[in-house]
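In what follows, a single structure is set out as structure tokens and then discussed.
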Amino acid sequence: MTWLRDVDRWFIDEILPHRVAFRRQAARLVPTAEAEDLVQEAYARAINASHHREIVNPRSFVLTIIRNLAHERHRRATIVRFEHLADMEAMEIADSAPDQFAVLSGNMELARLIALMEQLPPQARAVVKMRRIEGLLPGDIAVRMGLSVSTVEKHLAKGLAILAYAMQEAPPQEERVPFSRLWQRHRHQRK
Amino acid sequence: MEEAAGWLAALDAGSVTPQAFEQWRAADPRHAIAFAQVAHAFEQVERLRAVEDRPAEPAPTAINRRGMLRAGVLAGGASVAGALLAVRATAREHAETAIGERRALVLDDGTRIELNTGTRISWRIDKGDSRIWLERGEIGLTVPASLRGKLTLEAGSARFTLGAGSFNARQQPESFDFLVLNGMADSVRGDGLTAGAMARVIGQNVAIGPADPVALDRARSWKDGQLVFEGESLDFVVAEFNRYLDPRIVIADPALSRIRLGGRFTTTNPNDLLTALHASFGIRSQRSENGAITLTAG
């Protein structure tokens, strides 16, 4: 995609795959309500990093930013609850197994993607499918659906926003559906 | 996210200029992040082309890491139960605890006494009347309704007569604090204290009033090895921990005293406090030559 800078490419490839780990780290350090905000603040530092290609371990880079930001917040806070003090032991375990986390989220991605696609509003789903899976151009989609190009644009934007938002959410343990079942459901619906 | 998706769809349809887009993206790092996330979703959907005709794969086996971690945390926070000892009283008896120790005993009249860290008491039971002296430290008392004689608690110049109920008594550096958790008691001057009341004795001076909720919570919680704070400074928190510690924790950096803490700490183990302080504030702890643990800003 021509509109992605090198730093955006790096951010997507090296930072976003570890978002579950970042979320966990943040949730251990600050109250749940602030965790997402903390991750976003760390992302902002990362995407503004001028030397991003020199960072040897992007995952630890962001984990460290999150930890430092949490320290700053705690020092500024009037009262810090013990319940929100970090559990160092748990954090070290999470830090020591990056590969397992990355592989796990990588595998879930495809299965979740199918599930998420199924949950999109019908028109947004149709547009996203035609544009990205069948590879039709926006103008062709407009003709096929009998819509204006700007309406197709709106459906695409809506679909992508929902997908992007849902993909940032860490999937809860209970909702994890086996890949094969998702795939069968997907196939079944296509017929 | 909606805004970023709008820009991507517009770029894709060619309905906006790259210059306008660059201007929007450069305006705020959050724009760049949201755009990268949407672009990621845009790319990811394309991967489904490959899925269309792929045979089903076995489900990846997920290790329940969350469950594992939780189990580990619980095991680390197990508290030490105080030993229950039945003590036969004849003349004046003594009992004491070392620094960090807690124990409980039951007197012949049925009164249960729990001794907190660094505490020493003595007592005498004479013709049904009991007298208990708190020489140092802190105790919790549970007096049964079946008590027939008179029960007196003394500490320095302070003296209280206890009815059935539960009470907490603590020798502070500057005062003696007596709390009524349940039941009733009388001060030596005849003032009645009911549940939730506190008497603070400084020399000959006795001040009686309602107790702070946190003081009551604290009096109930130390028996389970829990420390309760309500926004006190790190100085105060460390001082409370130090009652249980030998050698003690010393704050080397005065700036750290400004940190205020609240909530319930479920263990008096200093390592848990130290790792939490390190993880949450970057505070470093070091053992000095005399064994004391020194805290410095990271």
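Per chain, numbering begins at 1; letters A, B, ... match sequence-line order. Note that this is a predicted model, so its numbers are computed, not measured.
In this structure, the separation between CG on A:L4 and NE2 on B:H40 is 11.5 Å, given to the nearest 0.5 Å. Once rounded to the nearest 0.5 Å, the distance linking CG of A:L163 with CD of B:Q44 reads 10.5 Å.
There is no contact between B:R258 and chain A, counting heavy-atom distances below 4.5 Å. Interface residue A:F11: only side-chain heavy atoms are found under 4.5 Å from chain B. With a 4.5 Å cut-off on non-hydrogen atoms, A:A44 touches chain B through its backbone and its side chain both.
Taking all atoms of both residues into account, the shortest heavy-atom contact from A:I47 to B:I33 is CD1-N, 3.9 Å. Smallest separation of non-hydrogen atoms from A:A157 and B:A5: O-CB, 3.1 Å. Of all heavy-atom pairs between A:A161 and B:M1, the closest is O-CG, 3.8 Å. Closest approach of B:A13 and A:P138 over heavy atoms only: CA-CG, 4.0 Å.
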For the pair B:F35 and A:W3, evaluate side chain to side chain contact (heavy atoms under 4.5 Å, CB included) and give the outcome as yes or no after the intermediate values. CA-CA 10 Å; B:F35 187 80; A:W3 47 76; 3.2 Å; yes

Audit row: A:I12, B:Q37, side chain to side chain contact (heavy atoms under 4.5 Å, CB included) steps and yes/no: CA-CA 7 Å; A:I12 292 171; B:Q37 289 171 333; over 6 Å; no

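The environment of CD in B:Q286 is sparse: at most 12 heavy-atom neighbours from other residues, nucleotides or ligands sit within 6.0 Å. B:Q23 CD: 12 or fewer foreign heavy atoms inside a 6.0 Å radius. With a 6.0 Å radius and a threshold of 12 heavy atoms from other residues, nucleotides or ligands, A:F61 has its CZ atom above the threshold. B:R30 CZ: 12 or fewer foreign heavy atoms inside a 6.0 Å radius.
Inter-residue side-chain proximity for B:V45 and A:R131 is flagged as unmet; no heavy-atom pair is nearer than 4.5 Å.
The cationic group of A:R75 does not satisfy the cation-pi geometry with B:F281, failing either the under 6.0 Å distance to the six-membered ring centre or the 45° limit from the ring axis.
Between chain B and the options A:D13, A:L160, A:V128, heavy-atom pairs under 4.5 Å are most frequent for A:L160. With chain B as partner, the option from A:N48, A:V152, A:L16, A:L116 having the largest number of non-hydrogen pairs under 4.5 angstrom is A:L16.
Between A:R9 and B:E43 there is a salt bridge, with a side-chain nitrogen of the basic residue lying less than 4.0 Å from a carboxylate oxygen of the acidic one.
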